[in-house]
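Contents: one structure, followed by commentary.
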2 protein chains.
Amino acid sequence: MDVRVLLVEDEKRLADLVKGGLTGEGFAVDVAYDGRDGLWMAKENDYDVIVLDVMLPRLNGYAICSKLREAGNWTPIMMLTAKDGVYDEAEALDNGADDYLAKPFSYVVLLARLRALVRRGGKERPVSLTVGDLTIDPAGLRCRRGETEIALTPKEFAVLHGLARRPGEVVSKSELLAQAWDFSYEGDPNIVEVYISALRRKIDLPFGRTTLVTVRGAGYRLEAA
Amino acid sequence: MDVRVLLVEDEKRLADLVKGGLTGEGFAVDVAYDGRDGLWMAKENDYDVIVLDVMLPRLNGYAICSKLREAGNWTPIMMLTAKDGVYDEAEALDNGADDYLAKPFSYVVLLARLRALVRRGGKERPVSLTVGDLTIDPAGLRCRRGETEIALTPKEFAVLHGLARRPGEVVSKSELLAQAWDFSYEGDPNIVEVYISALRRKIDLPFGRTTLVTVRGAGYRLEAA
DNA sequence: AAACGATCTTCAGGTTGGCTTTAGGTGGCG
DNA sequence: CGCCACCTAAAGCCAACCTGAAGATCGTTT
């Protein structure tokens with residue numbers, strides 16, 4: 001049971017190096033030297049993980065990534081970003097990548113991250129959730145109301161995510177607890193209320209909306225309207 | 001086991017193109033060139049997925065979609081929305097479509113999305129109940145009379161739900177008690193009357209209706225008329 | 001190591017709104 | 001006419017909920 005890897009990288013020297021290394025580690029590696037070939041191969045075959053350079057001839061890494069996700073392909077993707085910067089990371093994850101690595105990278109780090117990615121598996125998950133004009137990006141701890149970016153803490157995000165996965169439906173406090181906290185959380189359920197309060201202050205109040213609704217005795221509901 | 005597709009599209013050139021492409025991919029494609037034929041074929045045959053253009057002669061895509069859903073047909077539907085601003089995606093999904101694609105679309109994308117739709121088997125049949133123009137959504141603890149949303153408390157909802165599950169039938173007070181309250185409720189059975197009263201004030205009175213009928217000595221009945 | 005900032009969690013006071021009971025009223029039915 | 005089932009407005013009670021603030025925890029910086 002080999003791990004099948006697709007490597008899309010135009011620098012032939014680097015591509016060969018990585019391929020050699022990974023092959024030695026027991027990976028089955030295919031290489032594509034430009035974006036369009038890479039996209040085609042990714043669609044044609046079933047890989048366990050895809051390594052994508054960002055800057056590629058004919059079709060860049062971001063585009064490949066979004067196109068795959070759009071096509072319902074949720075193979076784990078690692079992006080190799082040329083420039084080191086926050087902007088690149090954000091863009092990579094925005095486009096549906098699962099992890100990224102800034103060039104130049106150490107081979108050992110690549111290997112470790114790849115293994116982590118494969119282990120995590122490519123569970124099917126949407127690139128982003130949308131509830132009305134609220135978009136939630138599960139890859140990063142961020143969300144946007146229209147064009148306005150909203151910073152969320154990890155827990156706030158977890159709660160919002162739990163609600164957004166079932167828009168318009170009532171999600172009970174205990175469901176939120178089970179999802180955003182450990183399964184067997186022993187603490188005060190009031191904590192959910194605290195986070196609901198914080199979320200409202202961020203996603204509703206500044207916009208004069210009330211999309212996060214309390215359903216007394218039942219739970220909370222996130223509405224599109 | 002072919003995948004059976006119904007394509008409802010009046011632009012003959014486009015229809016033939018798509019049909020050709022999909023046939024080549026192993027789909028069994030039927031084409032209808034106007035809305036009424038499309039609806040008829042959708043009802044007559046059992047398709048795995050239906051592709052609906054929005055703007056169609058004789059009966060538009062939205063109408064076909066709602067009519068099918070009304071008739072209890074939950075075949076996955078993909079809507080093709082012309083991007084002229086009159087119709088938008090949200091409307092497509094509101095009408096019960098499972099996915100939409102804005103024209104002009106790439107054939108590859110259409111193919112991928114269709115496959116995803118078929119794989120998922122479409123939206124789960126909503127569990128909402130309908131009694132005449134009254135719809136009850138247990139997942140969201142909401143109910144509507146026509147387009148008007150009605151706010152209900154959990155107990156009110158529980159009672160209404162108990163009635164709506166058996167539309168037109170008499171449901172006894174003790175059945176309602178057993179269902180909406182704990183099995184062994186020790187309180188005053190008059191409470192049911194109180195809630196019936198509250199419900200009437202919300203779902204009948206404002207609409208000049210009397211759908212929630214008392215059957216003296218037997219219980220209550222929720223009527224479609 | 002110490003200090004710091006951010007986040008998480010707990011706590012407590014205040015408020016609200018739904019649940020239930022009560023009680024007087026209505027109307028069907030013998 | 002009187003009984004009984006049902007209707008419904010009103011009010012008290014209590015649990016659920018909101019929220020500001022303080023304490024606890026964790027990771028990062030100095």
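Here is the naming used below: chain letters follow the sequence lines, and residue numbers restart at 1 for every chain. The basis for the numbers below is simple: all heavy atoms, side chains too, and nothing from hydrogens, waters or symmetry mates.
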Point to revise | Near-strand residues of residues 190-217 of chain A, defined as heavy-atom separation under 4.0 angstrom from DNA chain C | key: A:Asn190, A:Ile191, A:Val194, A:Tyr195, A:Arg216
Review point. Is any NZ, NE, NH1 or NH2 atom of the basic residue among B:Glu149 and B:Arg142 found under 4.0 Å from an Asp or Glu carboxylate oxygen of the other?
Key: yes
**Study point:** Rounded (10°) bend between the five-pair end axes of the helix from C:dA1-D:dT30 to C:dG30-D:dC1
**Key:** 20°
Review point. Just the endpoints, please: which first and last nucleotides of DNA chain C, 5' to 3', lie under 4.0 Å from a heavy atom of chain B?
Key: C:dG18 to C:dG27
Review point. Can you name the residues that form a side-chain contact (heavy atoms from CB on, under 4.5 Å) with B:Glu147, not counting sequence neighbours?
Key: B:Arg144
Exercise for review: Say whether A:Asp204 and A:Thr210, considering side chains only, have a donor N or O and an acceptor N or O under 3.5 Å apart.
Suggested key: no
Check your understanding: Among all residues two or more places apart in sequence or in another chain, which pass the side-chain contact (heavy atoms from CB on, under 4.5 Å) test with A:Arg165?
Key -> A:Leu129, A:His161, A:Gln179
Study note, to complete from the structure: Between A:Leu80 and A:Glu9 the two heavy atoms that sit nearest each other are CD1-OE1, 4.0 Å
Practice item. Using chain A heavy atoms and a threshold of under 4.0 Å, write down where along DNA chain D the contacts begin and end, 5' to 3'. Key: D:dA16 to D:dG20
**Study point:** For B:Thr148, all residues meeting side-chain hydrogen bond (donor to acceptor under 3.5 Å, both in side chains), sequence neighbours excluded
**Key:** none
Review point. Does A:Ser172 have any side-chain contact (heavy atoms from CB on, under 4.5 Å) partners at least two apart in sequence or in another chain, and if so, which?
Key: A:Ser174, A:Glu175
Point to revise | Salt-bridge contact A:Glu156-A:Lys202 (side-chain N to carboxylate O under 4.0 Å) | key: yes
Exercise for review: Kindly write out the residues that satisfy ring pair (Phe, Tyr, Trp, His ring centres under 6.0 Å) with A:Tyr47, not counting sequence neighbours, or none if the list is empty.
Suggested key: none
Exercise for review: Could you check whether B:Tyr220 gets within reach of a base, just the sugar-phosphate, or nothing at all, counting any heavy atom under 4.0 Å?
Suggested key: sugar-phosphate
**Study point:** Partner set under side-chain contact (heavy atoms from CB on, under 4.5 Å) for A:Ala224, not counting sequence neighbours
**Key:** A:Val131
Practice item. With sequence neighbours excluded, tell me which residues meet salt bridge (Lys or Arg N to Asp or Glu O under 4.0 Å) with B:Arg209. Key: B:Asp133
Review point. Can you name the residues that form a salt bridge (Lys or Arg N to Asp or Glu O under 4.0 Å) with A:Lys19, not counting sequence neighbours?
Key: none
